[in-house]
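Following: one structure in structure tokens, then a few remarks.
Lettering follows sequence order; numbering is per chain, from 1.
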Amino acid sequence: MFRQPLSPKGFLTLLAIVALLSLPFIIRHEYWIYVLTIGFYYAILASTWNVMAGYLGRVSFAHAAFAAIGAYASALSVLHLKVHPVLGMAIGTVAGAVFSFFIGYLSLRLRGVYFTLSTLAFAEIFRIIVTVEYEYTRGSLGLETEHLIVTMSYIPYYYVALALLLGTVFSTYLILNSAFGLKIMAVGNSEEAAEAIGIDSAKVKVVTFLYVSALTSLAGAFYGHFIGLVSPEVGAFDQLALIIAMTVVGGMGTLPGPVIGALLLEFFSEYLREFGIFRLLIFAGLIIVTVRFFRRGLYGTLKERLISVGGSP
Amino acid sequence: MGVVLPIVENLITGLIMGSFYALMAVGLTLIFGVMRIVNFAHGEFYMLGGYILYYLVTLLGINNFVALPIVMGAMFVFGMAVERSLLRPIITEGLGHEYSIIITFGLSLFLVNFAIAFFGPEYKTPPPYIPTYRIALGPISISGDRLLVATLAAVILVLTYLVIAKTKIGLAMRATAQNKEGAMLCGMDVYKVSMFTMGLASALAGASGALLSTILLLEPQAGLIPAIKSYVVIALGGMGSIAGAVAGSVILGIIESLGTVLISAAYRDAYSFLVLILVLLIRPEGLFGVRVREV
Amino acid sequence: MKTVLRAQSVTKSFGGLVAVRNFSMEVGEGEIVGLIGPNGAGKTTFLNVVTGFLKPDSGRVFFMGEDITGLPPHKICIKGVARTFQLIKPFSKMTILDAIAAGALVRVRSKVEAYRRAQEIIEFLRLRNPERLCGSLNVVEEKLVELGRALATKPKLLLLDEIAAGLRPSEIEEMKKTLKLIRDEFGLSLVVVEHVMPLVMGVSDRVVVMSSGSKIAEGRPEEVASNPKVITIYLGERRGRARG
Ligand SMILES: Nc1ncnc2c1ncn2[C@@H]1O[C@H](COP(=O)(O)OP(=O)(O)OP(=O)(O)O)[C@@H](O)[C@H]1O
Ligand SMILES: [Mg+2]
């Protein structure tokens, strides 16, 4: 399989995967396994948001809402259709894809901030519907739902989340490095210039949004069956804020950045638990400082430093 | 007759609400016109204005009418500081919309949580400008205190209009909004114009908060709904257009108050979002704007 | 000579302002046509109509005999029309190689093949270090990448909007050679919108002069240069500029 010797980048990636796979054997605390699992969930959301904001150049405020769409679609089908949560998660993914197709088709032709405003509106409408339609969703109390796996330990969930994360990162890697990935970046840099060289920007945008939203909804559905409760919280602005902070701090527009940012901030956030009310304040501060002064984030800045130290361009 | 009276009352309430929306929306549209960005922290400028008024009146015992200009002054300085420290790279480095969206979103989050941490998450009620009383016009009764506060809002709007129409800096703002490169070529200081615009917009949002929070309640997230309303308004009026913002505000205020009679209250906020989406999709240039495609 | 582009009585207005008025022009196979005219004459607007970025109010555009009026820009590119932008639109966060390869994707499916073609164009244009980001280039390189990106789409007709603006005299000479070489090597037709007279007069087989949206003169460069109407317009403009 490896005709060429492994590149340093490939080596580090492999090392990270092996480390993540073996962590449950090293960390014996169920609590930290739980924290890591949540961290993986956020890493998926940050990675997919990053494809939109960092590569396609579209800032979506409906990202957490798509996680919630997946979570509700799955929980409701498990409840009413009596399907297994795995099938529920599949339904959640399809629901996310369908919604994103319509929303994307309608609003992706809007430029820049107009698109962002429309996603904000869609997200809020969704949140209001979920809160108001109490009979179906149990409103802000949240909807109890079955667990994905009947187990006393978090370890099985850890591996499911890790598999979802690796799948997300790997498929994103493949897409970004394909011909289609070049088109995504072209549209992200200049939509007009992309159209002038024969790229159907509308198609590129809708397909990318669909891919991103389907994965996000899948992650949301998983999250619901992990926690056992689906509430409007899943799609709340706080969640969106976390996702943005993680992406930006880790390094927007880079592949590993959002994953690194998510795991880091999730740990950080656990330590900050006792400072409850200051947690989001600190995250907001991180967003502002990073975007203002270290635009390439942790990973981007580090990479830049390493390259300049290594000397080779 | 039974339906007409509430409708007339709601029409008046709508006009009153419209004048508050206009205070927010005019600032937002000025920022968009001059700097080509949407300020996602605009609602928090409103919220800060409310808190500053609250503390000036309750802690220092200053009269509301005296406190209002102080609030505006403080928010003016605050807005300028935000431009200088956070938004300046948009001009100097030519950053795209991703930057402005994320940085103002971060600022919004920061201010909300700052308020939660330091002002407390609970509702506050700033003392009213004048005691509550109702004015009876024949069979119609409207709230007199609201009318007064709305009048103050209208006065501030007129003053703002005079600044934009009659002063040198106002001229520079309009020129920059029309053509940034051209304005720079004519030797206008784009930095100064941007800073002044942010200051003015922030002062207006602050004034809106200082006025409206005496009627509605004040809490760290109190700015969210007014902000959303002003997005709807500037989308309706055409982003960057001042007259459009005022007209949009009145339209929205009336639609909403009539809407509460005719449609369910639970979905009231959802309707403004729906209006926002429809306007963006059908006429992204606004109801009064001209469609342009820049190549 | 076969006609590649035929624009017939194109009119385009913005609000009350008629930017292009009943304007017709043709471009033959392998021909280089200069399109000149004072600021605001409507040259860019005309290019935008031809490339589908604007829909004309009336008039038709034919490419290789086929009516392409009103097609979206990417479809027009697929037909074989490429352009550059007056206000360049670089893929700032992409490398030179990626940017040009993105242009090749309209003709080839595989990324490998796209990179091979991009590499050829990079060598042809003599761009150094194609791993650099497009956001970090000097003016000449920016223009060349813009040109290379358009060339990569294998056009039959290439529309250049002020490609020489901001270049120094020696660089303009270079660009002149490059444009002729492009025509010969790639066998395409060119429309050169330009204010830089040495360039446009030097490369064009034919020059079309536009003023206030209408065609006021057309002919070989030396004919146009001595046309009294053209001289009046340009002298008028120079006077205007000196005042402003
Ligand atoms: N999108 C637009 N909306 C409104 N007016 C426009 C638009 N684009 C161009 N115009 C106007 O149309 C006229 C023609 O402009 P155009 O850019 O085509 O001129 P040009 O010949 O390319 O000029 P230059 O040499 O300065 O590039 C000008 O008066 C311009 O202001
Ligand atoms: Mg032009």
Can you tell me which of A:V59, A:I282, A:L240 forms the most heavy-atom pairs within a distance under 4.5 Å of chain B? A:V59

I want to check something: taking the side chain as every heavy atom from C-beta on, are B:I228 and A:L120 in contact at a cut-off of under 4.5 Å? yes

Nearest heavy atoms of B:P89 and A:R295, plus distance in Å: CB-NH2, 4.2 Å

May I ask you to name which of B:G96, B:S100, B:S85 has the most heavy-atom pairs under 4.5 Å with chain A? B:S85

Distance check, rounded to the nearest 0.5 Å: A:R292 atom CZ versus B:I102 atom CD1? 14.5 Å

Give, for atom CD1 of B:I225 and atom CD of A:E124, the distance between the pair rounded to the nearest 0.5 Å. 7.0 Å

Counting only heavy atoms not in B:Y55 (residues, nucleotides, ligands), do more than 12 fall under 6.0 Å from its OH? yes

Evaluation steps, side-chain contact (heavy atoms from CB on, under 4.5 Å), between B:L109 and A:F237: CA-CA 9 Å; B:L109 193 70; A:F237 265 100; over 6 Å; no

Interatomic distance, CZ@B:F105 vs CD1@A:I288, rounded to 0.5 Å, equals 11.0 Å

How many angstroms lie between CG in A:L110 and CD1 in B:I277, if you round to the nearest 0.5 Å? 10.0 Å

If you apply the rule side-chain contact (heavy atoms from CB on, under 4.5 Å), what do you find for B:L280 with A:L117, and how did you get there? CA-CA 9 Å; B:L280 286 175; A:L117 276 175; 4.0 Å; yes

Could you tell me which of B:I103, B:V232, B:I116, B:L274 has the largest number of non-hydrogen atom pairs under 4.5 Å with chain A? B:I103

Heavy-atom cut-off 4.5 Å, strictly under: side chain, backbone, both or neither for A:A241 against chain B? both

Side chain / backbone / both / neither for B:Q221 at chain A, heavy atoms under 4.5 Å: neither

Please say whether more than 12 non-hydrogen atoms of neighbouring residues, nucleotides or ligands are located less than 6.0 Å from OH in A:Y105. no

Sort A:I244 into side chain, backbone, both or neither according to what part of it lies under 4.5 angstrom from a heavy atom of chain B. side chain

Using heavy-atom distances under 4.5 Å, tell me whether A:F61 contacts chain B through its side chain, its backbone, both, or neither. side chain

Which bit of A:I129 comes within less than 4.5 Å of chain B, counting heavy atoms only: side chain, backbone, both or neither? both

Spatial distance of atom CG (B:N113) from atom CZ (A:R279) [nearest 0.5 Å]: 9.5 Å

B:L86 portion near chain A, given a 4.5 angstrom heavy-atom threshold: both

Once rounded to the nearest 0.5 Å, what's the spacing between atom CZ of A:F278 and atom CZ of B:F118? 4.5 Å

Can you say whether B:F114 sits under 4.5 Å from chain A via the side chain, the backbone, both, or neither, judging by heavy atoms? both

Smallest heavy-atom separation, A:A284 atom then B:G106 atom, equals CB-O, 3.7 Å

Output, in order, the C-alpha distance, side-chain angles, deciding distance and verdict of side-chain contact (heavy atoms from CB on, under 4.5 Å) for A:V113 and B:F40. CA-CA 10 Å; A:V113 73; B:F40 283 98; 3.9 Å; yes

Can you tell me which portion of A:I287 sits under 4.5 Å from chain B's heavy atoms? Options are side chain, backbone, both or neither. side chain

Could you check whether atom CZ of A:F99 has more than 12 heavy atoms from other residues, nucleotides or ligands sitting under 6.0 Å from it? no

